[in-house]
Amino acid sequence: MLQINFIKNNKEEVIKRLAVKNFTDINLIDEIISLDNERKEFQPFLNNAQENLNKLSRELGQLKQKGKEEEFQKNKLRTNFYKIQIEGFNSQLKDLDDRINHKLLLIPNLPHDSVPKGKTPEENEIVREGGKKPLLDQQAFPHWELAKKYDLINFEIGNKVTGSGFPFYKNKGAKLQRALIQYFLDYNNGAGYTEYEPPLMVNEASAYGTGQLPDKEGQMYFINEDKFYLIPTAEVPLTNIYRDEIVKENELPIKLTGYTPCFRREAGSYGKDVRGLNRLHQFDKVEIVQLVYPEKSYTVLEEMVNHVEKLLQNLELPYRILRLCGGDMSFASALTYDFEVYSAAQPKWLEVSSVSNFETFQSNRMKIRFKSADNKMQLVHSLNGSSLALPRIVAALLENNQTKDGINLPKVLHNYFGATEIN
RNA sequence: GGAGAGAUGCCAGAGUGGUUGAAUGGGCCGGUCUCGAAAACCGUUUCCCGAUGAAAUCGGGACGAGGGUUCGAAUCCCUCUCUCUCCGCCA
């Protein structure tokens with residue numbers, strides 16, 4: 001959520017930058033500003049009435065203590081006037097606050113200067129590519145065939161036991177999951193990220209904090225009885241650790257990592273785009289989150305991009321890094337880099353990570369602050385990224401490294417997997 | 001799931017209707033002393049909103065959250081959340 005004072009002081013810039021995200025509801029901005037002005041005019045009236053009542057109450061208290069009952073009763077009547085006033089002002093002010101908040105929640109984060117204009121994924125900017133695309137035989141198999149051939153993943157049982165998008169990993173398929181998770185976590189630990197194993201369900205306040213609510217309600221599984229949401233990503237519990245906290249300056253940067261299954265309802269869409277592991281309702285992911293000094297967040301973003309890039313290089317996968325255009329970015333992000341790996345038998349680029357800087361958009365909602373050296377309260381900047389989401393990595397590993405007799409695994413996984421290939 | 005107790009500042013903990021944003025102790029920070037440190041002593045130390053920005057100052061609000069009673073609530077009442085103790089169930 002944007003800070004209202006920033007909107008007021010930089011209205012033209014806000015409008016200009018929101019246009020990059022194809023947000024053009026200028027009326028909404030004007031409404032917010034005029035509502036906030038109204039609120040500011042109103043506040044003193046309430047404060048005054050309160051002050052008067054407080055004074056009178058103190059006087060009444062003294063009369064009571066001195067036992068001047070008659071005077072007390074006489075003056076007591078005067079409080080009614082203020083009470084009625086206060087009640088009226090209060091409800092109007094609350095109404096204004098609610099309306100302002102409600103409207104503020106509808107405004108997306110401002111995109112960074114470097115965000116390209118555009119509406120569709122085709123307009124994302126390719127920053128760089130790396131790795132080598134493999135040369136596969138004509139009869140190379142897509143991963144869902146390979147998964148069946150080597151008995152790694154069983155989609156049919158998943159369909160029966162739960163539903164589509166909930167596969168069973170089996171045998172070496174299950175072990176590969178375990179190996180990847182372990183490797184990713186170790187890799188993140190090595191870069192100074194503190195490991196957490198968070199809850200897989202969160203309450204409503206947490207879902208608001210990271211921005212899943214109010215508008216993305218339909219994407220999350222919901223436990224009605226307890227009002228819990230199944231997490232769509234570890235970002236939600238990890239970042240919310242610090243909700244409503246004032247952290248010490250010397251604690252920054254805070255670097256967190258965690259493995260969790262992720263649950264996404266992702267209504268609709270069947271067919272070849274979602275075959276096999278391409279899109280699931282439940283999948284495994286290792287996430288990284290950082291809370292940092294505002295001035296350092298873009299340096300940290302680059303650092304995180306390099307971190308993920310190195311991971312893909314270690315996995316020996318062909319990849320490319322995209323800077324998302326305004327239209328493809330998420331509501332809360334100021335700048336997002338997507339990572340895609342090339343899955344050679346489909347053949348297709350698959351998104352495996354998304355690394356974003358949210359600046360103060362999340363921390364303002366969550367009130368994650370620190371006191372700077374000059375004793376000023378400041379919001380931290382929050383960033384997160386996947387390192388990495390498993391299913392599409394598995395798809396690419398299987399497809400790209402297939403041979404006639406098996407699937408070769410990259411060197412970094414040999415020890416974790418306990419073998420050099422799947423056969 | 002049943003019964004009971006509780007939630008106060010960075011921490012411990014007092015306060016059970018009236019100048020209490022909050023005693024006291026500890027911690028933190030600053031100072032005196034010291035070559036330096038410890039000890040001792042002194043001082044400081046919550047956050048939000050508003051008064052056009054900053055500082056100072058002033059006003060309002062916040063004692064788990066939300067509502068209520070009252071001229072006045074940390075203190076009384078209701079609902080919720082969480083914690084602890086005992087019992088039950090349980091990987």
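As the structure is a prediction and not an experimental result, all values here were calculated from the model. Each chain gets a letter, A, B and so on, in the order its sequence line appears, and its residues count up from 1.
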Kindly point out which of B/A51, B/C49, B/U19 is positioned nearest to the side chain of A/R39? B/C49
Gap between atoms CG and P, on A/N364 and B/C49 respectively (whole Å): 10 Å
Whole-Å gap separating C1' (B/G9) and CD1 (A/I246): 12 Å
Can you tell me the base-pairing partner of B/G9? Count Watson-Crick or G-U wobble geometry only, both distances below 3.5 Å, and say none if there is no partner. none
For A/K83 and A/L46, find the nucleotide of RNA chain B closest to each by heavy atoms; which residue's nucleotide sits nearer the 5' end? A/L46
For B/U44, give its Watson-Crick or G-U wobble partner with both distances under 3.5 Å, or none. none
Any strand: nucleotide that pairs with B/U16 via Watson-Crick or wobble, under 3.5 Å: none
If you assign each of A/M377 and A/K76 to its closest nucleotide in RNA chain B, which residue comes earlier from the 5' end? A/M377
Taking a pair as Watson-Crick or G-U wobble with both distances under 3.5 Å, which nucleotide is matched to B/A38? none
Quickly work out the A/L56 CG to B/U70 C1' distance and round it to whole Å. 14 Å
In whole angstrom, give the distance that lies between atom CG of A/N48 and atom P of B/G60. 9 Å
Taking atom P in both B/U45 and B/U83, compute the distance separating them and give it to the nearest angstrom. 34 Å
Distance col, row A/K103:NZ vs A/D25:CG, nearest 0.5 angstrom, shows 9.0 Å
If the P atom of B/U32 is compared with that of B/U19, how far apart are they to the nearest Å? 38 Å
Look at A/K55 and B/G59 and indicate whether a side-chain polar atom (N or O) is within less than 4.0 Å of OP1 or OP2. no
Nucleotide forming a Watson-Crick or wobble pair with B/C58, both distances under 3.5 Å: B/G50
Is the distance from OP1 or OP2 of B/C71 to the nearest side-chain N or O of A/R58 less than 4.0 Å? no
For a quick test of reading the model, state the closest non-hydrogen atom pair linking A/Y242 to A/I368 and the distance between them. O-CG1, 3.2 Å
Working to the nearest 0.5 Å, report the span between CG of A/D284 and CZ of A/R178. 12.5 Å
Quick one: is B/G61 close enough that its OP1 or OP2 comes under 4.0 Å of any side-chain N or O from A/Q50? yes
Sugar-phosphate, base or nothing in reach of A/L60, heavy atoms under 4.0 Å: base
B/C33 pairs with which nucleotide, Watson-Crick or G-U wobble, both distances below 3.5 Å? none
What's the CG-P distance between A/D97 and B/G60, to the nearest Å? 19 Å
Answer for the Watson-Crick or wobble partner of B/G66, both distances under 3.5 Å, is B/C78
To the nearest 0.5 angstrom, please state how far the CZ atom of A/F141 sits from the NZ atom of A/K149. 5.0 Å
Taking atom P of B/C71 as reference, at what distance in whole Å does atom CD of A/E69 sit? 12 Å
Would you indicate which nucleotide in B/A51, B/C49, B/C71 comes nearest to any side-chain atom of A/Q43? B/C49
Less than 6.0 Å separating the ring centroids of A/F370 and A/Y293? yes
Determine the interatomic distance between C1' on B/A73 and the same-named atom on B/U16; round to the nearest Å. 11 Å
At what distance, to the nearest 0.5 angstrom, does CD1 of A/I422 lie from CG of A/L409? 4.5 Å
Which base sits across from B/G1 as a Watson-Crick or G-U pair, both distances under 3.5 Å? B/C87
So, does the side chain of A/N47 form a donor-acceptor pair with the base of B/G59 at under 3.5 Å? yes
B/U24 to B/C41 separation - P atoms, rounded to the nearest Å: 15 Å
Walk me through it: do A/N278 and A/K348 pass the test side chain to side chain contact (heavy atoms under 4.5 Å, CB included)? CA-CA 10 Å; A/N278 288 357; A/K348 194 183 270 180; 4.0 Å; yes
Say we look at B/C77 and B/A5: how far apart would their P atoms be, to the nearest angstrom? 12 Å
Separation of the P atoms in B/A74 and B/G18, to the nearest angstrom: 11 Å
Closest approach to the side chain of A/T79, judged atom by atom: which nucleotide of B/A51, B/G60, B/C71 is it? B/C71
Need one value for A/F72: base, sugar-phosphate or nothing, where a base atom within 4.0 Å counts as base even if backbone is also close, heavy atoms only. base
In whole angstrom, what separates A/Q62's CD from B/U19's C1'? 7 Å
Output the rounded distance in Å from NZ (A/K40) to P (B/C49). 10 Å
If I pick the P atom on B/C89 and the same atom on B/U79, what distance separates them, to the nearest angstrom? 29 Å
With a 4.0 Å cut-off on N to O distance, would you call A/D97 and A/K94 a salt bridge? no
Tell me whether the side-chain N/O atoms of A/N54 come closer than 4.0 Å to OP1 or OP2 in B/G60. yes
Between B/A56 and B/A62, how far apart are the C1' atoms? Round to whole Å, please. 24 Å
Contact class for A/K371 vs. all strands (heavy atom < 4.0 Å): base, sugar-phosphate, or nothing? sugar-phosphate
Does a nitrogen or oxygen in the side chain of A/R369 sit under 4.0 Å from OP1 or OP2 of B/C48? yes
